[in-house]
Amino acid sequence: MKLLHLSDLHLGKRVNEFSMLEDQKYILSEIIQIVEKEAPDAVLIAGDVYDKSVPPAEAVELFDDFLVRLSRLGTQVFVISGNHDSPERVAFGGRLMDPSGIHMSPVYSGQVQPVPLTDAFGTVNIYMLPFVKPIHVRRFFPEAETGTYTDTLRTAVEQMSVDPAARNVLMTHQFVTGAWRSESEDISVGGTDNVDASVFDTFDYVALGHIHGPQHVGRETVRYCGTPLKYSFSEAGHQKSVTAVELGEKGSVQVRAIPLAPRRDMREIRGTYLELTAKSYYDSFPKDSYLHITLTDEEDVLDAVGRLRVIYPNLMKLDYDNKRTRGGGAALEDAGPPERRSPLELFAEFYELQNCQPMGEEQRAFMQDLIEQIWGDET
């Protein structure tokens, strides 16, 4: 049986105030072409269909069109909700769509019933577990251990009564311990959302969502397929892909990545203003790429963003790397411990780090007056 695993579409997302909707429409059409070529038995979409729990109408229309096109190809489609989705909105109409082969995960109710698919080797059970927090599982199993995300997922999996002798596939949307992250993901302070991969030992393949870089965690068959598009410059070096999974008889699973080519790539370039605007340079550069430009000029270039966008219209982010910016944090090295400095001194250090220049006398006077109003005699 062949499965195609994708996740984290984040439809409707904006990156640095740029709408990604056109790029998402393009990449979904690329995925449709892959489905036509690969002819999988099922497509698994492992959460974060949308970027917001209340997505814009254009994003909903785009996903609706994608599901219709998949359905016309005769493939089964399985969709779970992620931490960015509203589980109720993803589940809406699911029971009506089931007969057409579009399976939307219901809101977690304490029970996850598998959807069976069959091939020459027998049955493959597809389990759809949407993104859950400890509070979601504790509601149905108050006596169970749900103090951590690992305990929570273990409880949820135990309630599925999975037959270890059968071929079982789990779709879920969680952070599995050991996975490396990107800047575009939601990060839980202190790693409290970590789930140990041993929770998934009874499954032949685990189709994970949530992490944006393609990777496996522990064994090859516990896998994040990653996002179909780059959503932060920390992903500039990623090769985006969808994952093809082929299940033979029990114990036989083959996994391979199918690369995706975006409409516009995301790149980082650096140099002086004159170097980057030289005709010999920009004539050879794919100017429609989304760009993070780092200027190395020692002096700020007047209206650098506006002037660079004449050549590079999709400039998303501009930084400087020079003596001034590299020395921005030097003052802290010689400073005394925070508890020995006044609120005004601490704020002055913060201001200089943020703005790469000290506060003026008028700003210091305003801040001192504000501090005295808040703390009074304590300062």
Side-chain angles (χ1 to χ4, degrees), residues 3-12 28 31 40-53 55 59-60 63-64 66-67 70-71 75-98 100-117 124-134 136-137 140 149 152-153 155-157 159-160 162 168-176 179 185-186 193 195 199-200 202-212 214 217 221-228 242-243 245:
L3 310 174
L4 201 68
H5 170 200
L6 52 145
S7 75
D8 294 270
L9 307 180
H10 287 280
L11 301 180
L28 291 184
I31 292 172
D41 298 282
V43 173
L44 314 180
I45 304 176
D48 279 358
V49 172
Y50 301 112
D51 193 55
K52 297 183 183 300
S53 58
V60 177
F63 188 57
D64 177 68
F66 183 56
L67 290 181
L70 287 174
S71 178
T75 186
Q76 300 279 311
V77 182
F78 296 81
V79 184
I80 65 170
S81 54
N83 59 301
H84 279 250
D85 298 312
S86 161
E88 293 81 7
R89 286 184 172 85
V90 170
F92 178 78
R95 286 176 293 175
L96 291 174
M97 288 188 276
D98 269 341
S100 67
I102 306 294
H103 309 282
M104 312 297 285
S105 66
V107 177
Y108 184 72
S109 62
Q111 299 296 322
V112 177
Q113 297 298 326
V115 178
L117 300 179
V124 175
N125 296 310
I126 310 291
Y127 291 83
M128 296 187 291
L129 178 62
F131 173 75
V132 291
K133 297 179 179 180
H136 299 144
V137 176
F140 299 100
Y149 271 74
T152 296
L153 268 292
T155 296
V157 168
Q159 298 302 319
M160 296 179 191
V162 178
N168 302 295
V169 172
L170 175 69
M171 299 171 62
T172 192
H173 191 94
Q174 302 288 162
F175 175 56
V176 179
E185 298 149 10
D186 288 343
D193 56 350
V195 177
V199 170
F200 308 124
T202 53
F203 296 96
D204 297 85
Y205 182 77
V206 183
L208 294 168
H210 188 47
I211 299 300
H212 291 186
V217 187
T221 52
V222 178
R223 185 166 180 83
Y224 290 102
C225 61
T227 55
V242 294
T243 301
V245 184

- Given side chain to side chain contact (heavy atoms under 4.5 Å, CB included), test Met160 with Leu129 step by step and report yes or no. CA-CA 10 Å; Met160 296 179 191; Leu129 178 62; 4.0 Å; yes
- Item | His210-Asp48 side chain donor-acceptor pair, cut-off 3.5 Å | no
- Once you round to the nearest 0.5 Å, how far does NZ of Lys52 lie from CG of Leu11? 13.0 Å
- Message: Once rounded to the nearest 0.5 Å, what's the spacing between atom CD of Gln159 and atom CZ of Phe140?
- Response: 11.5 Å
- Under 4.5 Å between any side-chain heavy atoms of Met171 and Ile126, yes or no? yes
- Item | Nearest-0.5 Å distance that lies between atom CD1 in Ile45 and atom CD1 in Ile31 | 8.0 Å
- Item | Exercise: identify the closest heavy-atom pair between Leu170 and Phe200 | CD2-CD2, 3.5 Å
- Query: Mind checking whether Phe131 and Ser81 have side chains closer than 4.5 Å, heavy atoms only?
  - Reply: no
- Student check: side-chain heavy atoms of Thr172 and Phe203 closer than 4.5 Å: no
- Do any N or O atoms from the side chain of Asp204 and from the backbone of Val169 form a donor-acceptor pair under 3.5 angstrom? no
- Task: Taking the side chain as every heavy atom from C-beta outward, state whether Leu6 and Val43 have any pair of such atoms under 4.5 Å apart.
- Result: yes
- Message: So which atom in Arg223 and which in Tyr205 form the shortest heavy-atom distance, rounded to 0.1 Å?
- Response: CB-OH, 3.5 Å
- Considering only heavy atoms from C-beta outward, does the side chain of Tyr224 approach that of Val176 to under 4.5 Å? yes
- Task: Starting at CD of Gln113, measure out to OH of Tyr127 and round the result to the nearest 0.5 Å.
- Result: 8.0 Å
- Message: Could you report the tightest heavy-atom contact between Leu208 and Ser7, atom names first, then the distance?
- Response: O-OG, 3.9 Å
- Message: Any non-hydrogen side-chain atom of Leu44 less than 4.5 Å from a side-chain atom of Met128?
- Response: no
- Message: Is the ring pair Phe78/His103 parallel, tilted or perpendicular, if the boundaries are 30 and 60 degrees?
- Response: parallel
- May I have the step-by-step check of side chain to side chain contact (heavy atoms under 4.5 Å, CB included) for Val77 and Leu67, ending in yes or no? CA-CA 8 Å; Val77 182; Leu67 290 181; 4.0 Å; yes
- Note on the structure: Shortest non-hydrogen pair, Phe175 vs Ile211, comes out as CD1-CD1, 3.4 Å
- Say whether, by atom type as modelled, one donor and one acceptor occur between the side chain of Asp85 and the main chain of Gly82 under 3.5 angstrom. yes
- Message: Return the CD1 to CE distance between Ile80 and Met104, rounded to the nearest 0.5 Å.
- Response: 11.0 Å
- Query: Are the side chains of Pro228 and Leu9 in touch, meaning some heavy atoms are under 4.5 Å apart?
  - Reply: yes
- Message: Nearest 0.5 angstrom please: Asn83 CG to Asp8 CG, how far?
- Response: 8.0 Å
- Is any side-chain heavy atom of Cys225 less than 4.5 Å from a side-chain heavy atom of Val242? no
- Query: Closest approach of Gln174 and Pro130, non-hydrogen atoms and distance?
  - Reply: OE1-O, 4.4 Å
- Considering all heavy atoms of both residues, which atom of Ser100 and which atom of Ser71 are nearest to each other, and what is their separation? O-OG, 4.0 Å
